[in-house]
Amino acid sequence: MFSLFSKIAESRRVDHFYTRLAHLRYNGNHEKACFPTPKGCSSVTPTVLIADLHRYEGQTVTVRGWLYDRTDKGKLQFLKVRDGSGIAQAVAFQKELPEATFEVLRSLSQESSLIITGTVRADKRAPGYPGGYEIGISDAQVIQIADEYPITPKEHGVEFLMDHRHLWVRSSRQWAILRIRATVINTIRNWLDDNGYLLVDTPIITPAAGESTTELFEITYFEDKAYLAQTGQLYNEANMMSFGKVYCFGPTFRSEKSKTRRHLTEFWMVEPEMAFFSLEDLMDMEEQFISAIVGRVLEKHRMELDILERDTTFLERVSAPFPRISYDEAVARLNKLAAETADPEQQAALRIEWGNDFGSPHETALTQQFDRPVFVYHYPTAVKAFYMQPVADRPEVCRSVDLLAPEGYGEITGGSERIYDRDLIEQRIAHIGINRENYAWYLDLRRFGSVPHAGFGLGVERTVAWLCGLPHIRETIPYPRMLKRMYP
RNA sequence: UCCGGAGUGGCUCAAUGGCAGAGCGGGCGGCUGUUAACCGCUAGGUUGUAGGUUCGAGUCCUACCUCCGGAGCCA
C-alpha cells in the first residue's frame with residue numbers, strides 16, 4: 001500500500017499541473033483561493049448545495065466539492081462533481097470557456113477538489129444524486145489536483161477497499177449507507193426522547209463483566225485492570241430506579257474471535273430499560289420503536305435506498321404487530337423444516353435439540369417464514385444471561401425475547417424481564433460463580449425498592465445492514481473494528 | 001480454535017507442467033451529450049514467503065504468512 005503512494009508521489013503529472021495552474025486566476029496561491037466563500041472573487045453567485053440545485057434552475061451558482069468522475073469528449077467534457085449533499089453533472093464546452101480553464105479541467109484527476117460556477121438547467125439526461133439538473137460551467141477554480149486515486153469506478157476486492165476505508169467512504173454506496181445510519185441513530189434518540197425515555201449514559205470503562213459469558217477487552221487502569229463495556233445494562237437498571245424509563249446509547253466492545261458477516265468487536269448499541277415493564281410490554285414497545293425507525297428511513301432515504309438497489313417490499317410491511325412465537329414453537333418449526341428438507345446438509349444445519357441456542361442457519365430459516373420481524377420468547381434459562389427472570393411455573397425457560405429481522409438477517413434485539421427478587425438474584429450470582437463483591441452495588445438495587453422491570457439492546461449495525469440490504473455488517477460503521485481489522 | 005476457499009501489473013481477473021496475458025486505472029492522441037462512454041498508441045511483473053520434485057513450475061509437493069467465507073459466541 002505504501003509503495004503505491006510513493007509511486008504516485010513521483011508522478012511527473014503533478015508538477016505539470018501546477019505549472020499550468022500558475023496561469024489561472026487561482027495563481028497557485030492557496031490563500032487567494034475562493035475558499036470557504038467566494039467573496040472577493042469575480043463571481044458573486046450564491047454557493048449552493050447539489051441537493052438544492054432544483055431550486056436554482058436558470059440561475060448562476062457556485063458549487064464546491066470534489067471531482068467524482070469525468071468523461072472527456074474532446075471539445076466537450078462532463079464532470080461529475082460531489083459536494084457531500086449529492087452528485088451533479090457539470091458540463092464544460094470548449095468554446096464557452098477560456099482555453100486555460102478548459103485545459104485544466106481536462107486534466108483533472110479523480111477526487112481533485114474544485115469550485116465551479118455555472119448556470120443550472122434541468123436536463124433529463126443529467127445523471128447524479130438527486131440528478132435531473134446539471135451545471136453549464138462558466139468558471140472553475142482548482143483547489144488541489146489529487147494524486148492518482150486508488151478507488152476507481154470499477155470492481156475492487158474487500159481487503160483493498162477496507163485498507164482504503166478512509167477514501168472508500170466517499171463512494172456513493174458508502175455515502176448512502178452512512179447517511180441511513182445517521183438517520184437510524186437520530187430516529188432512535190428522537191423516538192425514545194419523545195416517548196418518555198431519558199438518556200442516561202453508562203460507563204465504557206468498567207471494573208467487571210456485565211455478563212460473564214463473553215470475552216472482554218482488558219485495559220490497564222493505573223494500577224488496576226479494567227474492561228471495556230460489553231453492555232450498559234446493569235447500570236441501566238440502577239438508572240431506571242431513578243428515572244423510570246431510561247436508555248443508554250454508545251459503543252460496545254466484545255473481544256470475541258467471531259469471524260462472520262454479523263460481528264464487529266466495536267459496535268453501537270442502544271439499550272432501553274423500563275420499570276414496571278412485563279415481557280409483553282417490552283414486545284409492544286419494541287414493535288412500535290422498530291416500526292418508527294423503518295418508517296423514518298423509508299420516508300427520508302428513497303434516494304439512498306435506490307443507490308443501494310434495495311428492494312423495499314419487505315420494509316414497507318414493517319408495522320406492528322409483529323408475530324410472536326415461543327422458543328418451543330421455534331424449535332418445533334425448525335425440526336419440521338429439517339424433516340421436510342431433502343438435502344442432508346441442510347437438514348443437519350436446521351435440526352435443533354431443545355435447550356440449545358439458535359445458530360445463524362436457524363435464525364435465517366426462521367425469519368424466512370415471516371414477512372416482517374418476528375419475536376421469539378421464553379428461551380431456555382441455561383443459554384441466557386444470569387439476570388433473566390425465570391417463567392413462574394417453568395424455571396427451565398426465562399422471560400426473554402429476541403427480535404429477528406426478516407430476509408435472513410436474524411437477531412437485531414435481545415431483551416428480557418430482569419430478576420427483581422433479592423434471594424433469586426443472589427442465588428443466580430452464586431450459581432454462575434462470579435465475584436459477588438463486584439456486583440455488590442447491583443445487588444443493592446434489589447434491596448431498596450426492587451420492582452419488576454425489563455429492557456433490551458438493539459444493535460445499530462445489524463439494523464442498518466438489514467435496512468440497506470447489505471450482505472455484511474462491515475460497511476454499516478465508518479471504521480469497522482473486526483478480528484483482523486483495525487486500520488485505518 | 002475448527003472447517004472450507006483464495007493470494008499473478010495500481011485494481012479485478014485469465015493462463016493443459018512448455019513464450020506471463022486481458023479489461024479497467026495511468027500516460028499520449030482523437031471525438032459537442034457522456035451515463036462504469038468509445039477508438040488508436042503506450043508504459044507497467046521477484047506470480048504471498050521459504051524449501052522441494054522436474055529438462056522445464058504461476059501450475060505439482062511440504063511448511064509458513066496473509067486475507068475471505070462459515071461454525072462456535074453474540075447485538
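FYI, side chains are in, hydrogens and waters are out, and symmetry mates aren't considered; it's all heavy atoms of this structure. Naming: A, B, ... by sequence-line order, numbering from 1 per chain.
Ring centroids of A:Phe253 and A:Tyr227 are separated by 6.0 Å or more, keeping the two rings apart. Ring pair A:Tyr327/A:Tyr379: centre-to-centre distance below 6.0 Å.
Taking the C1' atoms as reference points, B:G52 lies 11 Å from B:A57, given to the whole Å. A distance of about 15 Å separates the C1' atoms of B:A6 and B:A14, rounded to the whole Å. The C1' atoms of B:C11 and B:A36 are separated by 14 Å, rounded to the nearest whole Å. Comparing the P positions of B:G40 and B:A22 gives an interatomic distance of 13 Å, to the nearest angstrom. Nucleotides B:U42 and B:G4, compared at atom P, are 47 Å apart to the nearest Å. Nucleotides B:U46 and B:C2 place their P atoms 34 Å apart, quoted to the nearest Å. For the P atoms, the distance linking B:G9 with B:A63 amounts to 26 Å, nearest Å. Nucleotides B:G58 and B:G72 are separated by 36 Å at their C1' atoms, to the nearest Å.
In this structure, A:Phe160 atom CZ and B:A6 atom C1' are separated by 18 Å, rounded to whole Å. Rounded to an integer number of Å, the gap from CG of A:Asn356 to P of B:C74 is 12 Å. In this structure, the CG atom of A:Leu483 is 12 Å from the C1' atom of B:C67, given to the nearest Å. In this entry the distance linking CD1 of A:Ile137 with P of B:U34 reads 17 Å, nearest Å. Atom pair A:Leu161:CG and B:U12:C1' shows a separation of 11 Å (rounding to whole Å applied). A:Glu159 has its CD atom 14 Å from the C1' atom of B:G69, to the nearest Å. The CE-C1' distance, from A:Met162 to B:U66, rounds to 16 Å in whole Å. Computed from coordinates, the A:Asp147 CG to B:G27 P distance equals 12 Å when rounded to whole Å.
Annotation for A:Tyr129 and A:Ser172: closest pair CE1-CB, 4.0 Å, computed over non-hydrogen atoms. Closest non-hydrogen pair, A:Ala465 versus A:Thr476, comes out as N-CG2, 3.6 Å.
You'll find that the side chain of A:Asp123 is closest to B:G33, out of B:G33, B:A75, B:U34. Which of B:G33, B:A36, B:G72 sits closest to the side chain of A:Lys257 comes down to B:G72. The nucleotide whose nearest atom lies closest to any side-chain atom of A:Glu148 is, among B:C74, B:G25, B:U12, B:G25. For A:Lys259, the listed nucleotide lying nearest its side chain is B:A71; candidates were B:U32, B:C74, B:A71. When each of B:G33, B:C74, B:C68 is scored by its nearest atom to the side-chain atoms of A:Val91, the top-ranked nucleotide is B:G33. Closest to the side chain of A:Leu264, from the set B:A75, B:U12, B:C74, is B:A75. Comparing B:A36, B:U66, B:U32 by their closest approach to the side chain of A:Lys73 singles out B:U32. For A:Asp72, counting side-chain heavy atoms from C-beta on, the closest listed nucleotide (B:G33, B:U12, B:C31) is B:C31. Side-chain proximity of A:Lys95 to the nucleotides B:G72, B:U32, B:A75 is greatest for B:U32.
A donor N or O paired with an acceptor N or O is not found under 3.5 Å between the base of B:G26 and the side-chain atoms of A:Gln110. Between the side chain of A:Ser258 and the base of B:C74, no donor-acceptor pair of N or O atoms lies under 3.5 Å. The base of B:U32 has none of its N or O atoms less than 3.5 Å from a complementary donor or acceptor on the side chain of A:Gln94. No N or O donor and acceptor, one from the side chain of A:His156 and one from the base of B:C11, sit under 3.5 Å apart. Evaluation of atom-type donor-acceptor distances gives no pair under 3.5 Å for the side chain of A:Arg262 against the base of B:C73.
Among the protein residues, A:Glu266 comes within range of no part of the nucleic acid, since none of its heavy atoms lies under 4.0 Å from any strand. Nucleic acid contact class of A:Gly359 (heavy atoms, under 4.0 Å, all strands): sugar-phosphate only. Among the protein residues, A:Thr252 comes within range of no part of the nucleic acid, since none of its heavy atoms lies under 4.0 Å from any strand. Here A:Thr152 lies in heavy-atom contact (under 4.0 Å) with sugar-phosphate atoms only. A:Arg173 comes within 4.0 angstrom of nothing in the nucleic acid, heavy atoms only. Residue A:Ile412 is in sugar-phosphate contact alone, with no base atom involved, counting any heavy-atom pair closer than 4.0 Å across all strands shown.
For the strand RNA chain B, secondary-structure stems (runs of at least three Watson-Crick or G-U pairs, all distances below 3.5 Å) span B:1-7 with B:65-71, B:10-13 with B:21-24, B:26-30 with B:38-42, B:48-52 with B:60-64.
Heavy-atom distances to RNA chain B give each of A:Lys75 and A:His362 a nearest nucleotide, and the one nearer the 5′ end belongs to A:Lys75. Residue order along RNA chain B, read from the 5' end via each residue's closest nucleotide, puts A:Arg485 first among A:Arg485 and A:Trp268.
An OP1 or OP2 oxygen of B:G25 is reached within less than 4.0 angstrom by no side-chain nitrogen or oxygen of A:Lys154. Side-chain nitrogen and oxygen atoms of A:Arg474 include at least one within less than 4.0 Å of the OP1 or OP2 phosphate oxygen of B:G69. Considering only side-chain N and O atoms, A:His472 lies nowhere under 4.0 angstrom from the phosphate OP1 or OP2 of B:C68.
Ion pairing of A:Arg418 with A:Glu273 is present here, as a side-chain N (NZ or NE/NH1/NH2) and a carboxylate O approach within less than 4.0 Å. Salt bridge A:Glu99/A:Arg106: absent, no basic N to carboxylate O contact under 4.0 Å.
B:G33 has no stacking from A:Phe78 on its base ring, since the centres under 5.5 angstrom apart and planes within 30 degrees of parallel are not both found.
Of the N and O atoms on the side chains of A:Asp328 and A:Ser326, not one donor lies less than 3.5 Å from an acceptor on the other residue. Using a 3.5 Å distance cut-off with no hydrogens or angles, the side chains of A:Gln110 and A:Arg70 do not pair a donor with an acceptor. Between the side chains of A:Glu286 and A:Thr413, at least one donor-acceptor pair of N or O atoms lies under 3.5 Å. Under the 3.5 Å distance criterion, with hydrogens and angles disregarded, a donor-acceptor pair is assigned to the side chains of A:Gln233 and A:Tyr387.
Checked against A:Ile116 for a side chain to side chain contact (heavy atoms under 4.5 Å, CB included), the options A:Val61, A:Ile135, A:Leu79 give a single hit: A:Ile135.
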